[in-house]
Amino acid sequence: MVKILVTGGGGFIGTNFLELALQQGYQILDLSLNRPLNPHHLSYWDQADILEAESLKQKVVAFAPDAVVHLAARAECDEGTTIEAGYQMNTEGTANVLAAVRATPSVKRLIVASSQYVCGPGRMPMSDEDYYPATVYGASKVV
């Protein structure tokens with residue numbers, strides 16, 4: 001049985017992803033700060049903060065997933081803050097997830113969700129690394 005670890009499974013996208021993955025018969029562990037929106041997902045949830053690097057790494061290594069789907073993020077746009085002050089979950093948290101994956105030999109696949117906000121309106125990106133965020137949130141997702 002394929003084991004999938006999900007970060008942020010308690011959010012909107014995560015809830016829908018978990019439902020589909022469970023229907024497909026995958027073994028799931030959801031590491032999220034908040035309780036799942038769907039009460040049926042509670043038994044797959046382990047409260048975790050991706051900003052706590054060592055604890056996160058221990059949980060990922062212990063589960064030994066085949067795949068990791070990283071959905072955890074601060075998603076609301078707050079133009080009254082900075083990347084450093086308001087969006088550590090998107091920057092440091094993602095770095096911690098990547099470090100935990102590197103420390104887990106069982107992981108064969110990693111999916112990191114981002115946002116269309118890495119590119120502002122008005123033009124199409126010319127490459128996978130052609131970023132032009134128009135918000136602090138978008139800039140945090142570029143990082």
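Start at 1 with the first residue, then count along the sequence.
Nearest heavy-atom pair, Lys141 versus Ala73, reported as atom, atom and distance to 0.1 Å: NZ-CB, 3.6 Å. In terms of heavy-atom proximity, Lys57 sits nearest to Ala100 at CA-CB, 3.8 Å. Of all non-hydrogen atoms in Ala134 and Gly120, the two that sit nearest each other are CB-CA, 4.1 Å.
Applying the salt bridge (Lys or Arg N to Asp or Glu O under 4.0 Å) criterion to Glu76, with sequence neighbours excluded, gives Arg74.
Interatomic distance, CG of Leu37 versus OG1 of Thr15, reported as 4.0 Å (0.5 Å rounding). Separation of atoms NZ (Lys59) and CD (Gln47) is listed at 7.5 Å; rounding is to 0.5 Å.
When the options Val107, Val68, Val101 are evaluated for a side chain to side chain contact (heavy atoms under 4.5 Å, CB included) with Leu5, the one that passes is Val68. Here the rule is side chain to side chain contact (heavy atoms under 4.5 Å, CB included) with Leu31, and of Asp49, Val60, Val97, Ile50 only Val60 fits it.
Other residues, nucleotides and ligands place more than 12 heavy atoms under 6.0 Å from the NZ atom of Lys3. Residue-environment remark: CG (Leu22) exceeds the threshold of 12 foreign heavy atoms within 6.0 Å. Within a 6.0 Å radius of OH in Tyr131, more than 12 heavy atoms belonging to other residues, nucleotides or ligands are found.
Ring geometry for Tyr137 versus Tyr87: interplanar angle of 30 to 60°, hence tilted.
Counting heavy atoms from C-beta outward, Tyr44 and Leu18 have side chains that stay 4.5 Å or more apart. Residues Met89 and Leu33 meet the side-chain proximity criterion, which asks for heavy atoms closer than 4.5 Å. Glu19 places a side-chain heavy atom less than 4.5 Å from the side chain of Asn38. For the pair Pro65 and Leu29, the minimum side-chain heavy-atom distance is 4.5 Å or more. Side-chain contact check for Phe63 versus Asp46: every heavy-atom pair is 4.5 Å or farther apart.
The closest donor-acceptor contact from the side chain of Ser32 to the backbone of Thr7 lies at 3.5 Å or more, if one exists at all.
If you check the side chains of Thr94 and His70, you find a donor sitting under 3.5 Å from an acceptor.
Leu42 is not connected to Ile28 by any chain of hydrophobic side-chain contacts under 4.5 Å among Ile, Leu, Val, Met, Phe, Trp and Tyr, and they are in different clusters.
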